[in-house]
Trainee: 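First, the structure itself, so that you have it in front of you.
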Amino acid sequence: MDMKEAAAAYEAASQYFLNLARAVTPELLDVHAENEWSARQCIHHMADSEAQSYARLRRLIAEPEGSIIQGYDEGAWANEAKLGYVDAPVANAIAVYAAVRASSLDLVKRLEESDLEKFGEHSESGKFTVARWLEAYTKHPYDHGDQMVRATKGQA
C-alpha cells in the first residue's frame, strides 16, 4: 500500500463527510429514510466512532502487539437519550469529528508501510491490524455520508 495514497484517501473521506455534515440544513437534520438513521444521528455516531478510532489507532501504534481494542455497541449509544443522538445540536459533534480525523490524519502521514501489520485484538472481531483500521476508517465516512444523503431525501 502506498502510504501517501492511503493518507490522501483517508483525508478525502474525512472531507466528504465533513462537507455533507456542515451542509445539512436544520429542517433536514431529523428526516430519515425508513429503518435508517437521520443526519443528526449519523453526525453524532461519526463523532463517537471517530473518537474511538482515534484511540484505537494510537493503541495499535504505541502498545504491545495483541493489546485489546475494545468494541462498543453503537446501537446502544444511539439509543441512549443522554448521548443526544435524537435531539442534541450537531455543532460540537462536527467539531469532534473534524478534530479527531485531522489528528488521526497527522498520524497516518507519519506511518510507514511496516506499521500496517501492527495489530491488536478487537474484542468483537479478533486480530485488528493498522491496515484494517485504515481501510475501515477510510470507508466509514462514505457509508454514513451516503446514509445522510438518503436520509435528507427520505429515501431507503
Trainee: Would the number of heavy atoms belonging to other residues, nucleotides or ligands and lying under 6.0 Å from CG of Asp143 be above 12?
Mentor: yes

Trainee: In plain terms, say whether Asp106 and Lys109 are close enough for a salt bridge, that is, a side-chain N and a carboxylate O under 4.0 Å apart.
Mentor: no

Trainee: Counting only N and O atoms by type, is there a donor-acceptor contact under 3.5 Å from the side chain of Ser123 to the main-chain atoms of Gly71?
Mentor: yes

Trainee: Give a yes or no on whether the backbone of Glu50 and the side-chain of Ser53 come within a donor-acceptor separation of less than 3.5 Å.
Mentor: yes

Trainee: Give a yes or no answer on whether the side chain of Thr152 reaches the backbone of Val149 with a donor-acceptor pair at less than 3.5 Å.
Mentor: yes

Trainee: Strictly distance-based, threshold 3.5 Å: is any side-chain N or O of Glu112 a donor or acceptor partner for the main-chain N or O of Ser114?
Mentor: no

Trainee: Report yes or no: do Tyr85 and Asp48 form a side-chain donor-acceptor pair below 3.5 Å?
Mentor: yes

Trainee: What do you reckon, are the aromatic ring centroids of Phe128 and Trp133 less than 6.0 Å apart?
Mentor: no

Trainee: Give me the one residue out of His144, His32, His44 that meets side-chain contact (heavy atoms from CB on, under 4.5 Å) with Trp37.
Mentor: His144

Trainee: Determine whether a donor-acceptor pair (N or O, by modelled atom type, separation under 3.5 Å) exists between the side chain of Gln41 and the backbone of Ser38.
Mentor: yes

Trainee: Rounded to the nearest 0.5 Å, what separates atom CE in Met46 from atom CE in Met148?
Mentor: 8.5 Å

Trainee: Glu121 and Lys127: salt bridge (charged side-chain N to carboxylate O under 4.0 Å, His left out), yes or no, with the steps?
Mentor: CA-CA 5 Å; Glu121 289 296 325; Lys127 186 175 181 179; over 6 Å; no

Trainee: Verify the distance criterion only: is there a donor paired with an acceptor across the side chains of Arg101 and Tyr137 at less than 3.5 Å?
Mentor: no

Trainee: Under 3.5 Å, is there a donor-acceptor pair linking the side chains of Ser104 and Arg56?
Mentor: no

Trainee: For Thr138 and Leu134, indicate whether the former's side chain and the latter's backbone hold a donor-acceptor pair under 3.5 Å.
Mentor: yes

Trainee: Do Ser67 side-chain atoms and Pro64 backbone N/O form a donor-acceptor pair below 3.5 Å?
Mentor: yes

Trainee: For Ile43 and Phe17, what are the C-alpha separation, side-chain angles and deciding distance, and is it a side-chain contact (heavy atoms from CB on, under 4.5 Å)?
Mentor: CA-CA 9 Å; Ile43 292 166; Phe17 185 85; 4.2 Å; yes

Trainee: Can you see which heavy atom on Ala39 is nearest to which on Ala151, and at what distance?
Mentor: N-CB, 4.1 Å

Trainee: Taking the side chain as every heavy atom from C-beta outward, state whether Thr129 and Leu60 have any pair of such atoms under 4.5 Å apart.
Mentor: no

Trainee: Any salt bridge between Lys118 and Glu65, counting N to O under 4.0 Å?
Mentor: no

